[in-house]
Each structure stands twice: as C-alpha cells, then as structure tokens.
2 protein chains.
Amino acid sequence: MQTYRINMKRRSTPTKEAVLDVITKTGKAMSQDAIEKKINIDINRATIYRVLNRFCEDGVLHKVVAEDGKQYFALCLDCDNIHKSINHFHFRCVKCETIECLPTEVNFSIPDKYTVQNVNCVLTGTCKDCF
Amino acid sequence: MQTYRINMKRRSTPTKEAVLDVITKTGKAMSQDAIEKKINIDINRATIYRVLNRFCEDGVLHKVVAEDGKQYFALCLDCDNIHKSINHFHFRCVKCETIECLPTEVNFSIPDKYTVQNVNCVLTGTCKDCF
DNA sequence: CTATTTAATGCGACTATGTTGCTTTAGAAG
DNA sequence: CTTCTAAAGCAACATAGTCGCATTAAATAG
C-alpha cells in the first residue's frame, strides 16, 4: 500500500497502517470503537482518535457525525475533487449499524450572507442488505 | 377500580411551559445546556431532556444532531406537513453558536431497497448576523 | 553503524453529553 | 379530599472525545 504522506513531517507507523487498512477493507465509515474492535493489534483510544484526525487533516479521510452523536470516518475516494468528497449524503443503517457514503450529492441553496464551511448530511433507515 | 382510563394524557407543568417558552422566544434550535442557562427557574438536567424528548414524541419539537455531536431541539412550525417539518436543512453558526432551521428543503434520491426513516442535515458556517 | 530530533504513542485524568433507576412531588380526575 | 400516576429531582452510570505529560520509536544526520 502506498504511503499517504502528504505532509513531509508525518511518520509512517504500524498504527496508521492498521487503522487505514481496517477502514479500507470494511469499505464503510467507521467509528473509533468499531475500529478498535476490528483491529488485530492493541491501540490506545486516544491514539486512534489522533490518527483519524490526522488523516482528516491530510485529506485521506473525512468525518461525518451521525444522529447518534458519534463521529464516523470514511475514505475520501474522490479527494482530488474536494467538492465531491465532502458534499455527499451518508446513510446509516439502524439494523447493521454501519454508515456508508452514498453517491448522492447534496445540493442546497442558502440565504444571503450565509457562508457554508461544512456539510453534514446523514440519512437513517435500513440499507439494501438489511431490507 | 377504574380500568377505563386508557389514554394517559400529558400533564401541563411549569417546567414544560418554561422550556417551550424559552425555545419559542429564542426562535432557534436549542441544546439542553443552552436552555438551562437561559431559563429563569432551576430545572434538573435529566428533566429537561425528558421534557424535550416528550415534546419530540408529541410532534411539538424536532431534534437535530449537529456536527458537534449535540442534540438541538427546534419548534415544528409546519408539523401538519410532516414532510416539510423534517426534511429541511439546519444551519449552525460557528460564531454565535446557534442553530436555525433553514427554509431550504432537503431533496435526495437513494439507491434501490434503501428505506429512509430520518433525515439529519446540518450546514455549518457563519450566519447572516455574524457575517 | 550510532546519535539526535521530535512525531507518535500510551496512560491517566478530565469534560461533556445523555440516559436510567429510584424516590418524591404534584397534576388531574373521581 | 382521595387516588392514581405522570412528571420532577437526585445520583449514578455510560459513552465519546480531548488534553497534558512522560515515553517510545521513526526519520535522518553524522
């Protein structure tokens, strides 16, 4: 796997690799506790959060907050196109408790003098596998 | 023994009135701690949450979870039109730390076999007053 | 190779948000 | 007034996420 070292100062560590590996294989947005459960090595909670947030800073992952109030981290598959990577809907299945990125883009118009910095859109229900 | 009392109605209490009053006067979506700070009487934290959740059940308020992971409660102004009351964008201003309901409706299409039960869309940035 | 630098990690403490169980209070109906 | 029970208060608990600080270990210079 290629290193995602955008910032020269980042070091590649087993922890980073393991976290990214789990998220990649799962193919969904994952929370810290889900990652900790699924990972085969023992990584401290705080460390996982720091790794995840660093990945977000570097544009490797993006963060979504679901209606359960938890942060979920997903791969940025179209990170060359920032707009596309941020402004899409996410779907949270109440049955299998997973969150996935939908191909559906979020379109909106806002009143005058409003500035949007971030978009957080999550649809909740049952996914195609749990139908 | 009176077993005919099936419909247990809500009771009107000073707490309920006060909470609803604050939210109405503020005109925005409010979190529990914001309500507790702004209210003039002393109400227990758990009680405020219970009041708010009851209002949600009764269709008086609706709940949004912002990207800060907190629950915000706003008046349902068009609750006769369920679709409209749920599916609108919310705007969270990072400066004045308030959340308001936008008139912008959320439109989306989802893949086959997905069922949507809830929509949670929050835009974050600076509002017209903090511009 | 060793030595140095400092990013990354582990640990513990801490804050905040929200919920639950249990007891007490009080609203409304009889 | 009495009864029934929703609602409120309190305390404990659960979970999520962050932060300070000491230690570890990548990257690199020598």
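Residue numbering restarts at 1 for every chain, and letters A, B, ... go by the order of the sequence lines.
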Atom pair distance, as rounded to whole Å: [atom1] in [X] and [atom2] in [N]:
X	N	atom1	atom2	value
B:I41	C:dA26	CD1	P	13 Å
A:E97	D:dT15	CD	P	14 Å
A:L52	D:dA16	CG	C1'	13 Å
A:R11	C:dT9	CZ	P	10 Å
B:I39	D:dA8	CD1	P	11 Å
A:N44	C:dA13	CG	P	13 Å
A:K16	C:dA7	NZ	P	13 Å
A:D68	D:dA14	CG	P	19 Å

(request) Verify the ring-centre separation between A:F55 and A:F73: is it less than 6.0 angstrom? (result) no
(request) Please answer whether the main-chain N or O of B:V64 pairs with a side-chain N or O of B:N120 as donor and acceptor at a distance below 3.5 Å. (result) no
(request) Please work out whether the ring planes of A:H88 and A:H62 are parallel, tilted or perpendicular, with thresholds of 30° and 60°. (result) perpendicular
Any [X] side-chain N or O less than 4.0 Å from OP1/OP2 of [N]:
X	N	answer
A:R10	C:dA8	yes
A:T15	C:dT9	yes
B:T13	C:dA26	no
A:T47	C:dG10	yes

(request) Select from B:K63 and B:S12 the residue whose nearest nucleotide in DNA chain C is closer to the 5' end of that strand. (result) B:K63
(message) Quick check: any donor-acceptor pair below 3.5 Å linking the side-chain of A:R50 to the base of D:dT18?
(response) no
[Y] side chain reached by [X] side chain, heavy atoms, under 4.5 Å:
X	Y	result
B:R92	B:E100	no
A:Y49	A:Q71	yes
A:I35	A:L52	yes

(message) Would B:K95 and B:T126 count as a side-chain hydrogen bond (donor to acceptor under 3.5 Å, both in side chains) here? Give the steps.
(response) CA-CA 6 Å; B:K95 291 194 180 174; B:T126 49; 5.6 Å; no
Where do N or O atoms of nucleotides 16-18 of chain C meet protein N or O atoms at under 3.5 Å, pair by pair?
| from | atom 1 | to | atom 2 | distance (Å) |
| --- | --- | --- | --- | --- |
| C:dT17 | OP1 | B:K70 | NZ | 3.0 |
| C:dG18 | OP1 | B:Q71 | N | 2.5 |
| C:dG18 | OP2 | B:Y49 | OH | 2.4 |
| C:dG18 | O5' | B:Y49 | OH | 3.3 |
| C:dG18 | N7 | B:R45 | NH1 | 2.6 |
| C:dG18 | O6 | B:R45 | NH2 | 3.0 |

(message) From the set D:dA26, C:dT9, D:dA7, return the single nucleotide nearest to any side-chain atom of A:R54.
(response) C:dT9
